[in-house]
Amino acid sequence: MRIPIEKPVLVTSALPYVNGECHIGHLRTYVPADIYVRMLRKMGYDVIFIGGSDTHGTPIVLSAEAQGITPEEVVEKYHKHFKRTFQALSVNFDYYGRTDSESNHRRTTEIVKKLIENGYVHKEETKQAFCSTCGRFLPDRYVEGKCPYCGAVARGDECDQGCGKHLEPGEIIEPKCKICGNEADFKQQEHFFFKLSSFADFLISYLDKLGGTRNARNYALEWTKKELRDWCITRALEWGVKFPGRDDLVVYVWVDAPIGYISSTEELLGGRGGGGEDEWMKYWKGNKATIVHFIGTDIIYHHCIFWPAMLKGAGYSLPDAVVASGMVKINGGTFSKSRGNVVWVKEFLERFHPDTLRYYLVAQSSHTKELNFSWDSFSMRVNNELVAILGNLVHRVISFAYKNFGVVPEGNIDEDVFAAIARTKEEETRAVDEYEFKKLVDSAMKLADFGNSFFQREEPWHLIKKGDAGRERCGEIVKNVLQLIKAVCIGLEAVMPAKMEEVWSQLGMESDVHSVKLDEMMTPIQSGQPLKKPKRLFDRVEL
RNA sequence: GCCGGGGUGGCCUAGUUGGUUAGGGCGCUGCACUCAUAAUGCAGAGGUCACGGGUCCGAACCCCGUCCCCGGCACCA
């Protein structure tokens, strides 16, 4: 689906939970989001790109305790880490915020109050596991015991290894705290619930029109067919956004996390432009903008069910599209830190150029499908595609041209060449509309292939030795292939911004490759423009 | 169990409304080329599209049944 060109666009990328380092699984969402934003800008859209760190919740509190530091310090450490990682990978957010910011606390409080005012929140007494050794209430994932039905080991609210039954609070036998290993018991506690059940009809019609990838919509629609249970939106915890009027409760992280999209927009636009402090409302009130969320398939529920219901209940604009990327596997297995089945981005970048990773992440599989990372497939992509097809084309042609002409030679661009470029431009545009980033790179690489084939067929290295006429025809061939390189470069800038900047410079282009529009693929390269001495683009990967 | 996504030559994979010899990549074989990072180009071998039935002039694609793989099943970031 093509989004309307007249409206401003807000693209967000899921907020990383900052209690550990960035691994390549995270990037499956951030890199395509960045590529999408770059492509939209090339296509003439007015876009802002928002991201941020998710900073609240029990895991961060526990992580802090384990390290003997405060939650603030944990958050600070990994927030910086993620921010630096994104910079290193050219994932250029217009604003990268955090959910523990003053403005997010304020916006979350405002929205929760609005939900209460509108009658969407109610109080309930529930049983909650409590560990007296740790002195805290335990979320389900930290409770372990026996299933009352089959006797198997059960966790929290589900008998996950036995009969699979859902367990009501208090049902589990011999509950233990997974943090300290001691016995836990259940206490009565007052909690607040969001009336998700009253949004069922709204969600069905909303999801029906929701753009983005099919997997997100299908999953979410499936849930709406079942009974929607009300959400418990409070936790007995210190670290978080206080529930209005209650000092002992904070809101559940999935309330304040997505609100981070709004508060980050506020922080970005707060003091900007003629719109004054309310500039952000253009994006979040009255459906005046297009909102696109990039997420992983693991959080579809929160973005397609819970979040739109909250926005609707509090009177905010609704997301127009949710783009969900498939999960990353490593060597065919699930991600596991303990088993060492993990690839850390930091270590990756010590060995390889960030653009090779950006390329791999989108070239390896279609966006909504699972991506199975292996070093073998990585080296194959780099050596057979980036080195052999793209790097080689750029290097052989610019080397030849630089040596024999020094500038872009005179000559006309062939019809065939323009036709191939036009076709590529169309394919690339369609790929963006469909959120098929693999098709984007495949299409650009096909054009590079065409360039190699064209150069080979015309044998300019023979022509150059055949007098003035030969030299003239040779120049024309070279100009044609330089035109192809220029077009390939524009399309691939979104995928490999740093590397394409190098190519752009070798071509002797004066403009900024990052702000060039897609239409320029068809603009003839200027004859007489001085070429730069070429350097290799990519090194072969030897494992 | 329920729901979703898959099962296409040795391997990975395209094929969105059914239509001429099922595309591409890796690997493999042969030839050509030397501008280029032993990179490139051209040609070739290799598939009963999981299995069984059905609809149709015609099905990888639609319907029914069977088998196998993966993921989700809610308060877990």
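Letters A, B, ... are given to chains in the order of the sequence lines, protein chains preceding strands, and every chain is numbered from 1. Just so we're clear, the structure is a prediction, and the values are computed from it rather than from any experiment.
- OP1 or OP2 of B/rU40 has not a single side-chain nitrogen or oxygen of A/Ser453 nearer than 4.0 Å.
- Under the Watson-Crick and G-U wobble criteria, each requiring two contacts below 3.5 Å, nucleotide B/rC75 is left unpaired.
- Ring planes of A/Tyr206 and A/Phe202: parallel class, angle under 30° (limits at 30 and 60°).
- For the C1' atom pair drawn from B/rA50 and B/rC68, the interatomic distance equals 8 Å after rounding to whole Å.
- Taking atom P in both B/rC26 and B/rG65, the straight-line distance is 41 Å, to the nearest Å.
- Under the Watson-Crick or G-U wobble criterion, with both distances below 3.5 Å, B/rC62 is paired with B/rG54.
- Ionic pairing of A/Arg457 and A/Glu459 is not present here: no N-O contact between side-chain nitrogen and carboxylate oxygen is shorter than 4.0 angstrom.
- The distance from atom CG of A/Asn383 to atom P of B/rA38 is 12 Å, rounded to the nearest whole Å.
- Only the C1' atoms considered, B/rC2 is 35 Å distant from B/rA22, to the nearest whole Å.
- Separating the CG atom in A/Leu390 from the SG atom in A/Cys489 is a distance of 8.5 Å, to the nearest 0.5 Å.
- Salt-bridge formation is not detected for the pair A/Lys439/A/Glu428: no Lys NZ or Arg NE/NH1/NH2 atom is positioned less than 4.0 Å from an Asp or Glu carboxylate oxygen.
- No close placement of the A/His302 and A/His293 rings is indicated, their centers lying 6.0 Å or farther apart.
- Atom P of B/rC51 sits at a distance of 25 Å from the matching atom of B/rC57, rounded to the whole Å.
- Base pairing of B/rG47: no nucleotide in any strand meets the Watson-Crick or G-U wobble criterion (both distances under 3.5 Å).
- Going from atom CG of A/Asp449 over to atom C1' of B/rG23 covers 14 Å, rounded to whole Å.
- B/rU34: no Watson-Crick or G-U partner with both key distances under 3.5 Å is found in any strand.
- No more than 12 heavy-atom neighbours from other residues, nucleotides or ligands sit within 6.0 angstrom of CD on A/Glu472.
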Reading nucleotides 1-17 of chain B from 5' to 3' and marking B where a protein heavy atom lies under 4.0 Å of the base, S where only the sugar-phosphate is that close, and - otherwise, the string is --S----------S---
The contact string for nucleotides 29-37 of chain B, one letter per nucleotide 5' to 3', using protein heavy atoms under 4.0 Å with B, S and - for base, sugar-phosphate only and none, comes out as ----SSBBB
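- In this pair, A/Trp254 and A/His303 present their aromatic rings perpendicular. The plane angle is above 60°, beyond the 30 to 60° band.
- Distance check on atom P: B/rU20 versus B/rU29 gives 34 Å, rounded to whole Å.
- Regarding A/Lys329, its NZ atom lies at a distance of 7 Å from the P atom of B/rC70, rounded to whole Å.
- Taking atom C1' on both B/rC11 and B/rG47, the two are 14 Å apart, rounded to the nearest angstrom.
- Regarding A/Met445, its CE atom lies at a distance of 17 Å from the P atom of B/rG24, rounded to whole Å.
- If you measure from atom CG of A/Leu196 to atom C1' of B/rC75, you get 11 Å, rounded to the nearest angstrom.
- Here the C1' atom of nucleotide B/rG71 and the CD atom of A/Glu370 are 8 Å apart, to the nearest Å.
- B/rU13 and B/rG27: their C1' atoms are spaced 14 Å apart (whole Å).
- B/rC42 sits 12 Å from B/rG24 when the P atoms are compared, rounded to a whole Å.
- Pair check for B/rU16 finds none; no Watson-Crick or G-U wobble contact set falls under 3.5 Å.
- Using cut-offs of 30° and 60° for the angle between ring planes, the A/Tyr252 and A/Trp231 rings count as tilted.
- The aromatic ring centroids of A/Tyr219 and A/Tyr301 lie 6.0 Å or more from each other.
- In this entry the distance linking CG of A/Leu249 with P of B/rC75 reads 19 Å, nearest Å.
- Checked against a 6.0 Å centroid threshold, the rings of A/Tyr96 and A/Phe82 do not count as neighbours.
- Side-chain atoms of A/His302 lie closest to B/rC76 of the nucleotides B/rC76, B/rA39, B/rC26.
- Considering only residues two or more places apart in sequence or on other chains, A/Glu72 meets the salt bridge (Lys or Arg N to Asp or Glu O under 4.0 Å) condition with none of them.
- Distance, A/Glu385 CD to B/rC26 P: 8 Å, rounded to whole Å.
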